[in-house]
**Student:** 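Structure in structure tokens, see below.
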Amino acid sequence: MSPTIAELERQLRSGVQTCEALVARALAATRETNGTLHAVLETLDDRARREARALDRELAAGKDRGPLHGIPFGVKDVFDVSGSVTTCQSWVSPREPATADCETVQRLKASGAICIAKLATHEFALGGPDHELPAPPARNPWNVDHVPGASSSGSGVTVAAHVLPFALGTDTSGSVRGPAAACGVVGLKPTFGRVPRSGTFPLSYSLDHVGPLTRTCADAWTVLDVISGPDGQDAGASHPPAPGSLARPDGPLRVGVARNLHELDITSPAVLRAVTWAAEALATAGAVVDEVTAPPRRQMEACGRLIMMAEALSIHRRDLGQHLQRYGRFTRERIVPAAVISASDLVDALRLRQHLAHALSHGALVSHDVLLTATSLTPPPRFSDFGASWPPPPHATASNTIAFNVTGHPAIAVPVGMDDNGLPLSVQLVGRAWADQQLLEVGTMLETACPQMQPAHNASRCWLP
Amino acid sequence: MTLDDATVLARLAEHGIELDPLNIGPYTAGANALAAQVAIVREVVPAHAEPAMTFRTPLTEEP
């Protein structure tokens with residue numbers, strides 16, 4: 001049985017399950033798995049149990065908050081949760097607890113979801129798998145010698161290991177889609193501006209996105225639907241256009257395989273096969289699939305790296321000056337060099353960003369409804385690939401995701417099977433701006449064609465029925 | 001153009017970041033990696049001046 005949000009919703013409504021029992025089992029699962037996976041930094045036992053009991057009473061009284069009523073979830077530890085310290089997995093962070101929930105947690109709570117845990121992240125959503133931080137790095141549930149992607153690692157691990165049905169992460173250069181790919185779950189980076197980031201510690205103001213990690217695309221939509229919409233606080237958030245303006249023209253779905261984004265020397269054969277398989281599966285499902293050329297990968301990569309690192313330095317410069325050595329080695333070695341980026345170079349990158357977003361919107365995404373490419377260019381690397389200094393070897397950071405943080409278009413990682421070493425394979429689908437729901441529907445087409453991923457960690461002890 | 005250790009140390013100092021010159025190696029390597037990205041952007045950024053960009057979203061022109 002698939003323990004998706006949709007399945008749990010049915011169990012709760014039928015009386016087979018209670019909110020309190022779900023929370024109790026999720027909390028038990030965090031403790032059972034954390035000695036191996038290190039995906040959970042803190043559990044919120046009292047709060048979660050209190051909310052669960054109240055939600056059970058509501059259901060009994062006929063009050064139903066919707067599909068997330070009673071569903072437990074976790075958040076990467078860059079999201080504020082009232083009463084909990086937002087550590088960002090760093091020695092640098094203040095140790096005062098947050099005084100309020102961040103906007104997305106508030107919205108999920110209002111919809112009946114129950115936040116039970118703060119989850120592992122790379123330091124300040126950047127860093128790397130550093131063993132000298134306040135908590136050890138999370139490990140990949142399919143093979144603990146491998147990293148679970150970066151940086152929303154705990155979010156990917158807990159969903160893949162069936163500890164939680166969904167989790168929130170942040171994605172600045174791929175940190176929702178990367179862990180989703182490495183762990184074999186669905187990861188959605190929504191359209192830029194769709195989800196407010198208020199109360200979430202920033203890495204890069206103009207590239208950060210908040211998104212869900214789930215086991216199905218339908219579940220991702222369920223979560224996205226709740227957390228979407230401006231909040232009056234995040235200047236980057238805005239209203240989606242009227243639904244009618246997003247209607248797809250009549251006719252078959254048109255999928256463009258953007259080979260120029262993923263066919264590189266470094267790309268593993270297994271990843272190439274996964275993209276080919278996905279293209280064939282969509283064609284079999286009735287889509288018209290052909291090739292398309294996206295804007296040049298190296299331009300989108302360069303543009304994104306400059307913006308991200310310049311903004312990260314702006315955020316951390318004071319703390320770096322005062323206590324550089326309290327930062328993890330990977331974090332400081334990645335942020336500090338941004339001091340060489342000049343103001344005019346940053347402006348150039350921002351101007352180029354506009355140009356690239358326009359080129360994608362008015363080029364490949366006019367002729368095609370959806371682009372298909374790889375999520376990561378290689379399977380998840382081993383911890384031993386990361387040495388004493390940044391960067392690790394190229395294959396260890398061979399992502400294919402920052403392009404759509406630059407352009408802002410919605411993108412999802414969808415698991416499509418395993419490689420010969422038992423590690424997940426994933427493809428990435430990219431949609432038109434604000435057409436997140438259509439994109440997830442295409443993801444569902446792929447899921448239908450692909451056998452569902454089994455629980456990743458110790459399946460015989462999967463905590464859900 | 002390749003940045004040397006002294007140049008990188010000087011730029012960091014402008015930002016209030018003091019580093020032991022003996023440990024500058026990884027930072028100089030990182031600075032040169034970013035300099036390579038700068039070169040790509042400078043090469044391809046449109047020469048003409050577009051209307052002012054917006055911080056709000058790159059997708060404001062979308063339907």
Side-chain angles (χ1 to χ4, degrees), chain A residues 191-193 205-206 235-238 241-242 245-246 296 298-299 301-306 309-310 313 317-318 320-322 324 329 332-342 344-345 347-358 361-362 388-391 406-409 432-434, chain B:
Chain A
T191 301
F192 183 82
Y205 304 114
S206 62
S238 52
S245 66
L246 295 172
R298 68 192 289 266
Q299 294 182 21
E301 180 96 13
C303 183
R305 296 287 167 206
L306 293 189
M309 301 319 302
L313 179 61
R317 179 167 47 194
R318 181 178 299 177
L320 285 165
Q322 292 179 352
L324 178 69
R329 56 186 173 159
R332 61 178 187 258
E333 287 176 10
R334 295 184 72 182
I335 297 178
V336 166
V340 303
I341 301 172
S342 73
S344 59
D345 287 328
V347 172
D348 278 353
L350 292 167
R351 290 174 58 220
L352 180 60
R353 179 188 195 185
Q354 298 291 115
H355 176 77
L356 293 168
H358 185 274
S361 288
H362 295 270
S389 288
W390 196 266
V406 169
T407 68
H409 293 82
R432 296 190 178 118
W434 302 104
Chain B
M1 186 182 75
T2 301
L3 300 167
D4 60 21
D5 290 346
T7 302
V8 173
L9 276 169
R11 296 297 297 273
L12 299 191
E14 290 170 12
H15 288 264
I17 300 170
E18 303 289 343
L19 270 175
D20 180 345
L22 295 176
N23 295 327
I24 191 64
Y27 301 91
T28 301
N32 279 301
L34 284 175
Q37 309 281 29
V38 166
I40 293 169
V41 171
R42 286 182 183 177
E43 178 188 335
V44 300
V45 70
H48 62 279
E50 307 93 346
M53 63 197 169
T54 169
F55 176 78
R56 185 174 176 80
T57 165
L59 300 172
T60 48
E61 65 177 354
E62 297 301 320

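So that the names make sense, note that chain A is the first sequence line, chain B the second, and so on, each numbered from 1.
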**Student:** What residues, two or more places apart in sequence or in another chain, satisfy salt bridge (charged side-chain N to carboxylate O under 4.0 Å, His left out) together with A/R298?
**Tutor:**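 Counting only residues at least two positions away or on another chain, A/R298 forms no salt bridge (charged side-chain N to carboxylate O under 4.0 Å, His left out).
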
**Student:** Which heavy-atom pair separates A/R351 from B/P46 by the least distance, and what is that distance?
**Tutor:**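 It is NH2-O, 2.7 Å.
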
**Student:** Say you draw a straight line from CD of B/E43 to CG of A/D348; how long is it, rounded to the nearest 0.5 Å?
**Tutor:**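 With rounding to 0.5 Å, CD (B/E43) is 12.5 Å from CG (A/D348).
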
**Student:** With a 4.5 angstrom heavy-atom cut-off, is it the side chain or the backbone of A/L313 that approaches chain B, or both, or neither?
**Tutor:**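 Contact with chain B: side chain only.
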
**Student:** What are the two closest heavy atoms between B/I40 and A/Q299, and how far apart are they?
**Tutor:**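 Result for this residue pair: CG2-CA, 4.3 Å.
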
**Student:** Check whether A/R332 gets within reach of chain B through its side chain, its backbone, both or neither, counting any heavy atom under 4.5 Å.
**Tutor:**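 Both backbone and side chain.
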
**Student:** Counting only non-hydrogen atoms closer than 4.5 Å, does A/A338 touch chain B with its backbone (N, CA, C, O), its side chain (CB onward), both, or neither?
**Tutor:**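 The answer is both parts of A/A338.
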
**Student:** Kindly compute the distance separating CD1 (B/I17) from CD (A/Q322), expressed to the nearest 0.5 Å.
**Tutor:**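 Reported to 0.5 Å precision, the distance equals 11.0 Å.
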
**Student:** Which heavy atom of A/R305 sits nearest a heavy atom of B/L34, and at what distance?
**Tutor:**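 Looks like O-CD2, 4.4 Å.
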
**Student:** So what's closer than 4.5 Å to chain B heavy atoms on A/I341: side chain, backbone, both or neither?
**Tutor:**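 Answer is both: backbone and side chain atoms of A/I341 are under 4.5 Å from chain B.
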
**Student:** Under 4.5 Å, counting heavy-atom pairs only, tell me which of A/S344, A/A339, A/G321, A/A388 racks up the most with chain B.
**Tutor:**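 Among A/S344, A/A339, A/G321, A/A388, the one with the most close pairs to chain B is A/A339.
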
**Student:** Checking A/R317 side chain against B/G16 main chain: does a donor-acceptor pair fall under 3.5 Å?
**Tutor:**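 No; judged by distance alone, with no hydrogens or angles, the pair does not exist.
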
**Student:** Using a 4.5 Å heavy-atom cutoff, which residues in residues 19-27 of chain B come close to chain A?
**Tutor:**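 Answer by number: B/L19, B/P26, B/Y27.
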
